[in-house]
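Notes follow the structure.
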Amino acid sequence: GLTTRVAALVCLGRHAEAIQTLRRYEEHRLSLLSASKLGMRDPEDWRRRVNFFQNERVHASYDKGAELVKRFLFEGDLSV
């Protein structure tokens, strides 16, 4: 869902659009985090769990977007 969309935009170099996508969810950030139930205490654990791609290049590309979503969910940080 959200992480995949943001990761795709980041991989395409469309960082501003990725940030804009996250801004749409800003009001619901905490509810999104609690709904995920993945690594709520450990942001890095959450990031590892959502990135299930095994191909190294795809995994690394997806991880860039997952890092941005992790910072948004856990810290409220929308910087690139």
>> Tell me the closest heavy-atom pair linking L78 and I19, and the distance in Å.
In response: O-CD1, 2.9 Å
> With E17, which residues qualify under side chain to side chain contact (heavy atoms under 4.5 Å, CB included), at least two apart?
Replying inline: R5, L9, R14, Q20
> Between H59 and F53, is there a donor-acceptor pair closer than 3.5 Å when you use the side chain of the first and the backbone of the second?
Replying inline: yes
> When rounded to the nearest 0.5 angstrom, what distance separates NZ in K70 from CG in D45?
Replying inline: 11.5 Å
> Can you name the nearest heavy-atom pair linking Y62 to V50, along with the distance?
Replying inline: CE2-O, 3.6 Å
>> Restricting to non-hydrogen atoms, name the atom on A18 and the atom on L68 that form the minimum distance, rounded to 0.1 Å.
In response: CB-CD2, 4.1 Å
> Can you list the steps and then say if R48 with D42 is a side chain to side chain contact (heavy atoms under 4.5 Å, CB included)?
Replying inline: CA-CA 10 Å; R48 280 189 299 275; D42 182 0; 4.0 Å; yes
>> Can you list everything that forms a side chain to side chain contact (heavy atoms under 4.5 Å, CB included) with D63? Sequence neighbours excluded, please.
In response: R47, N51, A66
>> When you group the ILVMFWY residues by side-chain heavy-atom contacts below 4.5 Å and let the links chain together, are V69 and L12 in the same group?
In response: no
>> On a heavy-atom basis, which atom in F72 and which in L22 lie closest, and how many Å separate them?
In response: CZ-O, 3.4 Å
